[in-house]
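First the proteins, then the strands, lettered A, B, ... as listed; each starts at 1. The basis for the numbers below is simple: all heavy atoms, side chains too, and nothing from hydrogens, waters or symmetry mates.
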Number of protein chains: 2
Amino acid sequence: MFSKACEYGIKASTYIALKSLEEKRVSLKEISSEIDSPMAFTAKILHQLAKNDILVSAKGPSGGFQIQKDRIESIKLADIVYAIDGDSVYKGCALGFNECNANKPCPLHDKFVVIRDELKKMLQNTSLFELTEGLEVGLTFLKR
Amino acid sequence: MFSKACEYGIKASTYIALKSLEEKRVSLKEISSEIDSPMAFTAKILHQLAKNDILVSAKGPSGGFQIQKDRIESIKLADIVYAIDGDSVYKGCALGFNECNANKPCPLHDKFVVIRDELKKMLQNTSLFELTEGLEVGLTFLKR
DNA sequence: ATTATTTCGGACAAAATTATCATAAATAAG
DNA sequence: CTTATTTATGATAATTTTGTCCGAAATAAT
Ligand code: FES
Ligand code: FES
């Protein structure tokens, strides 16, 4: 469904959000340990998210990554997925046409669009804050 | 969403179904031309589908692929996807855990399961026959 | 039987994705 | 200013997915 990069991106963002809620900045090392992801690969993804204005990075000792507290509620999953995987999730054709187009649809178009739109809605409606809620109370997990 | 292999598999199966409705067997060459897919790669996918009892293959001159007419309605997209991509579409975790498990869920679990189940239902309810209907009347297409 | 055609099957190759490594750049702290 | 720490960046490697090639096996037609 999502690329590995995207999965790491979502998990990392969620963890950073969780810590940012208590004003803490977190290092790459801590992040990749907490979400169980390859460190260097995660670094690139975080860099990508920083470029896309989703999180803030700081170099040097006591540096790390953070998300502005007041944005945790307004940053949606869709923003993260878009920053990493682009719009393929929203515009992609089920059967691989370059672009989904209702004027020259693939046989699966009608039924697929319904699902894809629900996925889209879900991603657009789910904020980073929501993802942290279950984590805090030990109801959900970022690694096993 | 689906792998390339799966996309080709669905398109090929749909085309074979379309021709099988008029008792025609179709060659690999014709198939990959009609769905615009790499021939040798398509061959492997068709072979895979034949092994999984979704279509019948015949070697030699005037050989090719066919689907039993009386099964075109009962073969569902889910069967094809399963034969090629396995159960990852149905059991996969949104954030990459080995298996989705409600007892130790990822932060996206609850919202993701809803979408995944709808996709599952859609695939289980959509028959190969349904996909051919639009094709016959020029409403849908297998290539652009 | 021979031949032409077509799927089967395995080895191989290319491309994309995922992951690692080494070094540079920034910066906080002493 | 120097040093230690941490992100940034580009090169490289491993893995997976996608795609190609070629000969083997089957079989229909002559
Ligand atoms: S054209 Fe294929 S999903 Fe819309
Ligand atoms: S555990 Fe991640 S989707 Fe169920």
5'-most contact on DNA chain D: B:Phe41 or A:Ala40, nearest heavy atom basis?
A:Ala40
Taking D:dT20, D:dT7, C:dT7 as options, the one with an atom nearest any side-chain atom of B:Lys59 is C:dT7
Rounded distance (Å) that lies between atom P of D:dC22 and atom CE of B:Met39:
13 Å
For B:Tyr82, does the OH atom have more than 12 heavy-atom neighbours from other residues, nucleotides or ligands under 6.0 Å away?
no
So, B:Lys121 and B:Glu118, do they make that salt bridge, N to O below 4.0 Å?
no
Separation of B:Arg25 atom CZ from D:dA28 atom P, in whole Å?
8 Å
Please state whether the phosphate of C:dG9, meaning OP1 or OP2, lies under 4.0 angstrom from any side-chain nitrogen or oxygen of B:His47.
yes
Length of the NZ-P vector between A:Lys44 and D:dG10, whole Å
9 Å
Looking at the side chain of A:Phe65, which of C:dT18, D:dA8, D:dG19 is the nearest nucleotide?
D:dA8
Taking any heavy-atom pair under 4.0 Å as a contact, classify B:Lys29: base, sugar-phosphate, or nothing.
nothing
Applying a 4.0 Å non-hydrogen cut-off, can you work out what B:Ala58 is touching in the nucleic acid: base, sugar-phosphate, or nothing?
sugar-phosphate
Distance, rounded to the nearest Å, where A:Lys24 contributes NZ and D:dT6 contributes C1'
19 Å
Check the side chains of A:Lys111 and B:Thr126 for a donor-acceptor pair under 3.5 angstrom, ignoring hydrogens and angles.
yes
If the threshold is 4.0 Å, N to carboxylate O, is there a salt bridge linking B:Asp79 and B:Arg71?
no
Could you please name the option among C:dT7, C:dA28, D:dA8 that lies closest to any side-chain atom of B:Ser57?
C:dT7
Of all the nucleotides listed (D:dA28, C:dT18, C:dG9), which has the minimum atom distance to the side chain of B:Ser62?
D:dA28
Should the pair A:Phe112 and B:Phe2 be assigned to parallel (<30°), tilted (30 to 60°) or perpendicular (>60°) ring geometry?
tilted
Interatomic distance where CD belongs to B:Gln66 and P belongs to C:dT6 [whole Å]:
15 Å
Here's a test of your reading of the structure: between A:Pro61 and B:Gly63, which maps to the more 5' nucleotide of DNA chain D?
A:Pro61
Does B:Lys51 or A:Phe2 map to a spot on DNA chain C nearer the 5' end, using the closest nucleotide for each?
B:Lys51
Distance check needed: D:dG19 P versus B:Ile45 CD1, whole Å only.
8 Å
Under 4.0 Å between a side-chain N or O of B:Tyr8 and OP1 or OP2 of D:dT18?
no
Please give, in whole Å, the distance from C:dC8 P to B:Leu46 CG?
8 Å
How long is the line joining NZ of B:Lys4 and P of C:dT17, in whole Å?
11 Å
